[in-house]
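FYI, side chains are in, hydrogens and waters are out, and symmetry mates aren't considered; it's all heavy atoms of this structure. Whatever order the structure lists them in is the order used to number ligands and atoms, beginning at 1. All values derive from a computational prediction rather than experimental measurement.
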Amino acid sequence: MLPGERKVRYVTPALGQVPSGLGSSDPRETPMARTERRTLAVVASVGLTLALATGALAARGLSDDEEALAPTRGRPSAGIERKVDALLARMTTKEKLQQVQLLSDGQITDADAKAGVGSVFSLVDAEKINHFQRVAVEQSRLGIPILFAYDTVHGYRTVFPVPLGAASSFDPEVASADAEVGARESAIQGIKQVYSPMVDVSHEPRWGRIVEGAGEDPYLGSVMGAARVKGAQGTDYSRPDKVVSSVKHYVAYGEAEGGRDYNTTDLSESRLRNLYLPPFKAAIDAGADTVMCSFNSINGVPGCANKYTETDILKKEWGFDGFIESDYTAVAELRACPPVTPDEGPCGHGVAADGPQAGAAALMAGTDSEMVSTNIRDYGEQLLASRQITMKRLDDAVRRILRVKFRAGLFDHPYVDVAKASDPASYGKPADLAKSRWAAGRSMVLLKNDGGALPLDPARSTALIGPFGDTVDDVLGPWPGRGADELAPAHVPLVEGLTAASTGQVTYTQACNLAHNFDPPNVANPPLTPEDEVCAGPGDDGTTIDDAVAAAEAADQVVLALGENAYMSGEANARSELTLPGQQQKLLDAVAATGKPVVVVLLNGRPLDLSAVQGKAAAIFEAWFPGTEGGHAVADVLFGTVNPGGKLPVTFPRRVGTAPTYYNHEPTGRPCDAASKYNSRYRDLATCDPLYPFGFGLSYTTFEVGDLRLSRSSVRRDGRLTASMRVTNTGSVAGDEVAQLYLHDPVASLSQPVRRLRGFQRVSLDPGQSTTVTFTLDASDFGFYDNRGKYVVEPGLIEVYGGDSSTATMKATFTVTR
Ligand code: BGC
């Protein structure tokens with residue numbers, strides 16, 4: 001069985017755990033309702049435990065990660081194929097060249113719509129959408145509707161936690177709930193395609209866009225990506241509440257050298273296939289019908305001119321029959337720099353001399369639609385005449401775009417209901433806000449909790465301090481959709497959430513300033529650095545660090561809201577430092593000097609260097625950018641209404657200088673040993689360990705993960721075995737643990753990563769309760785892609801590690817035989 005193919009895993013109910021068969025399987029059930037149902041069912045099932053423990057009612061079902069990965073791609077419809085062919089046969093060359101054009105909201109004109117332009121993105125005015133659609137449908141010769149697209153990355157008006165946060169939940173339902181609500185709200189607006197999920201695996205904390213994806217692991221990224229596609233598309237994206245997903249950025253964009261956005265990537269075939277391609281494959285298997293090619297060059301060939309990745313792998317090897325759009329001006333960026341013709345706009349990788357060559361390279365490599373730049377459309381006829389492109393390829397591109405438009409039901413329902421789209425009641429519905437709050441709570445990661453500093457007591461007085469205590473922009477984070485406009489629900493700052501949840505007094509002292517400069521200040525004003533935006537001087541309310549110290553001294557409990565502003569991560573926001581920007585550390589040091597235990601809440605979009613924070617804070621919890629209900633969700637965790645169960649989807653390094661830092665690295669001939677010289681270490685670091693490893697996260701209760709068992713000690717290459725672990729809540733409150741299973745192949749023809757995540761299951765357990773989680777392993781787990789792009793399963797020993805993080809020590813082994 002190859003990666004991406006369906007495997008079966010079982011979660012066996014044990015004492016007190018609900019068998020999945022006892023609950024509702026109503027697909028319309030919300031994730032929240034499902035969690036509640038599970039909790040209730042757990043309580044209800046206690047009386048049945050003995051019967052369950054015998055296995056008499058042993059439920060058999062897919063674990064959550066496996067359910068998310070189960071392929072659901074539909075078969076092509078013969079009826080649609082006939083319609084596509086009939087329409088294509090009527091199109092002139094000019095009309096075909098218009099169909100492959102994708103324009104922005106600022107570019108589109110009536111003339112474009114009348115000429116038959118293919119798609120438009122970022123237009124969010126329902127009346128304008130209808131206007132251009134009417135021109136296209138009623139005034140263009142063939143009446144082909146326009147596909148309207150938007151970057152609904154973690155919500156449209158109801159904003160969910162940023163995707164890196166959602167990945168911390170290790171719960172695919174969090175990702176699918178986000179995508180489902182985002183799709184519905186986008187569709188109400190007249191959007192039928194979302195540029196999401198972003199599934200770029202990244203080892204780069206410096207890279208600003210790490211916030212948009214699921215972090216450093218291809219398996220976690222595959223599960224979350226597939227869940228998002230299913231949430232957005234359902235089984236039929238022609239439905240009025242569904243949209244087609246565009247998976248981006250194809251491919252390896254997350255590997256940008258030095259973490260600098262848009263930078264080169266140079267990687268082996270095995271890394272491409274083992275690390276970067278799997279989440280794309282999972283998303284395609286989940287039914288994603290569009291893909292966005294990336295800005296970066298891959299071994300010298302840019303993503304949007306890369307025949308190998310676009311045509312050979314995506315279209316031929318994987319059988320993808322949807323279309324690929326370029327990223328923003330990525331086709332123009334193929335040119336040499338300075339550009340020859342046309343001479344405006346960005347340039348250039350230097351794989352094309354001019355605009356016509358760029359258009360030809362992109363189209364012939366497999367790019368079907370050009371975003372913003374217009375080379376294929378403008379030079380298409382001359383390129384056909386000079387045979388630099390073929391009509392066969394142009395037809396193929398158009399056929400793919402029309403296919404998606406028919407599948408989206410656009411020919412039957414081209415228009416948006418303007419009244420509904422303009423009605424604030426269409427967005428931020430109470431049930432959706434509740435889902436967003438639930439998702440944010442599940443996404444938070446408790447990194448430190450000395451002496452039970454958390455949870456706080458809501459009856460005591462709380463001093464909330466710091467630049468991020470009363471900010472609304474930063475609870476939403478980057479790519480906030482339309483989460484802050486007049487039709488969006490109010491988004492909740494931390495101070496509001498804490499005040500609402502507390503019966504004791506809550507005071508807020510900003511202590512230092514917070515600015516939001518989309519263009520960082522050093523562009524206009526060289527002496528300033530971007531970090532001067534946060535905590536560079538007194539607070540916008542005039543308060544200072546001294547005021548913060550006084551507020552801390554006067555209160556029973558102290559919470560510091562620290563982090564990065566929303567513009568410090570996301571596109572074009574690489575950082576060369578990973579410490580808290582500005583004077584935030586100084587603020588923490590001063591408040592900690594009062595002797596009061598300090599709880600640090602972090603809002604940020606990347607792994608940070610928290611070494612100095614770790615030394616001063618009694619408790620640290622990572623709230624990421626939590627979304628519309630951010631303040632409430634933070635209060636839920638701070639006061640213990642929600643017990644945090646998230647785990648890190650990225651390694652938190654000790655220093656920026658260790659980047660790239662990731663758990664699934666290959667071994668070296670000289671493994672790191674901080675105590676001796678000639679090995680793979682940093683001379684100035686006393687340890688080989690990161691500050692917080694991948695998969696790590698604490699809870700207000702304690703768990704024991706034990707009893708790792710394999711169903712057999714040897715297995716044929718095409719066989720399977722199961723690995724099980726027992727998870728017990730050994731503390732005194734209910735909580736969640738994520739059982740994690742890692743594999744390592746110690747002797748292989750290619751040096752293999754020291755660990756690879758191959759299974760996880762988040763479980764909720766009452767005090768004293770335990771459950772057994774069972775995973776099925778097969779060739780898709782114990783093999784790997786070699787440097788010829790071949791998937792190989794080599795005979796030999798495989799090590800299995802089970803536990804609650806990537807540093808799990810519980811170990812078992814099995815042998816793969818021929
Ligand atoms: C980003 C894409 C995005 C596109 C359209 C580009 O700059 O890289 O992720 O989908 O803009 O907004």
Side-chain angles (χ1 to χ4, degrees), residues 101-108 118-124 146-156 162-164 179 182-183 186 189 191-202 204 207-214 221 225 228-229 232 243-256 259-263 265 279-280 283 288-298 302-304 322-334 345-347 349 362 367-374 477-483 518-519 567 569-574 605:
Q101 182 64 52
L102 163 57
L103 296 177
S104 73
D105 54 333
Q107 290 178 299
I108 174 83
S119 322
V120 173
F121 73 101
S122 285
L123 188 65
V124 291
I146 296 170
L147 178 64
F148 290 95
Y150 192 72
D151 286 283
T152 303
V153 176
H154 56 109
Y156 186 68
V162 287
L164 191 62
S186 303
Q189 182 74 80
I191 306 298
K192 207 55 196 171
Q193 183 191 23
V194 292
Y195 295 150
S196 170
M198 188 281 213
V199 297
D200 294 314
V201 169
S202 185
E204 262 304 341
W207 192 48
R209 302 198 80 169
I210 197 167
V211 68
E212 293 174 48
R228 282 180 188 277
V229 172
V243 295
V244 60
S245 289
S246 183
V247 199
K248 65 188 186 185
H249 305 85
Y250 194 70
V251 56
Y253 182 38
E255 197 57 3
R260 200 153 44 79
D261 213 353
Y262 318 118
N263 205 8
T265 60
F280 286 94
D289 254 356
T290 58
V291 170
M292 185 184 293
C293 56
S294 58
F295 288 123
N296 56 296
S297 74
I298 306 149
C304 293
F323 73 82
I324 307 176
E325 76 268 339
S326 80
D327 204 344
Y328 202 110
T329 63
V331 176
E333 291 168 35
L334 300 176
C347 65
H349 282 287
T367 304
D368 303 299
S369 170
E370 181 175 356
M371 189 194 292
V372 176
S373 58
T374 56
W479 290 115
R482 308 297 299 173
F518 184 71
D519 293 317
Y567 294 152
S569 54
E571 186 173 355
N573 286 311

Practice item. Provide the number and element of each atom of ligand 1 under 4.0 Å from a heavy atom of F295. Key: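 Under 4.0 Å from F295, ligand 1 has these atoms: 7 (O), 8 (O).
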Check your understanding: Is any side-chain heavy atom of S569 less than 4.5 Å from a side-chain heavy atom of I210?
Key ->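 A side-chain contact under 4.5 Å is absent here.
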Check your understanding: Between the side chains of T367 and E370, does any donor sit under 3.5 Å from an acceptor?
Key ->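 Not at all, the side chains of T367 and E370 share no donor-acceptor pair under 3.5 Å.
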Review point. Taking N or O atoms only and a 3.5 Å limit, does Y328 qualify as a polar contact for ligand 1?
Key: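 For ligand 1, there is no N or O atom that lies under 3.5 Å from one belonging to Y328.
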Point to revise | S245 side-chain N/O to V247 backbone N/O, donor-acceptor pair under 3.5 Å | key: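 Between the backbone of V247 and the side chain of S245 there is no qualifying donor-acceptor contact (under 3.5 Å).
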Exercise for review: Compute the shortest N/O to N/O distance between H249 and ligand 1 and return yes if it is under 3.5 Å, no if not.
Suggested key: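 H249 vs ligand 1: N/O contact under 3.5 Å present.
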Check your understanding: K248 heavy atoms, cut-off 4.0 Å: which ligand 1 atoms fall inside?
Key ->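 Near K248, meaning under 4.0 Å from one of its heavy atoms, ligand 1 has 2 (C), 3 (C), 9 (O), 10 (O).
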Practice item. Specify whether F121 and Y328 have parallel, tilted or perpendicular ring planes, treating 30° as the upper limit for parallel and 60° as the lower limit for perpendicular. Key: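 F121 vs Y328 ring planes: perpendicular.
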Check your understanding: Under a heavy-atom criterion of less than 4.0 Å, does R209 contact ligand 1?
Key ->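 A heavy atom of R209 does come that close to ligand 1.
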Point to revise | Shortest non-hydrogen separation from K248 to M292 and the atoms involved | key: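 Looking at all heavy atoms of both residues, the shortest contact is CB-CB, 3.6 Å.
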Check your understanding: Does E212 reach ligand 1, in the sense of a heavy atom lying below 4.0 Å from it?
Key ->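 Contact check E212 vs ligand 1: negative.
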**Study point:** Closest protein heavy atom (residue, atom, distance) for atom 10 (O) of ligand 1
**Key:**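 For this ligand atom, the closest protein heavy atom is D151 OD1, 2.6 Å.
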Exercise for review: Please write down residue, atom name and distance for the protein heavy atom closest to atom 6 (C) of ligand 1.
Suggested key: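 I find the closest protein heavy atom is D327 OD1, 2.9 Å.
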Review point. Taking atom types as modelled, is there a side-chain donor on E325 or S119 under 3.5 Å from an acceptor on the other?
Key: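 Not at all, the side chains of E325 and S119 share no donor-acceptor pair under 3.5 Å.
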Review point. In ligand 1, which numbered atoms sit nearer than 4.0 Å to a non-hydrogen atom of M292?
Key: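 Reading through ligand 1 atom by atom, the close ones are 2 (C), 10 (O).
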Exercise for review: Classify the side-chain pair S202/D200 by whether it contains a donor and acceptor separated by less than 3.5 Å.
Suggested key: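 No - no donor-acceptor pair under 3.5 Å links their side chains.
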Practice item. Heavy-atom contacts with Y195 under 4.0 Å: which atoms of ligand 1 show up? List them by number with element. Key: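 Per the distance check, 10 (O).
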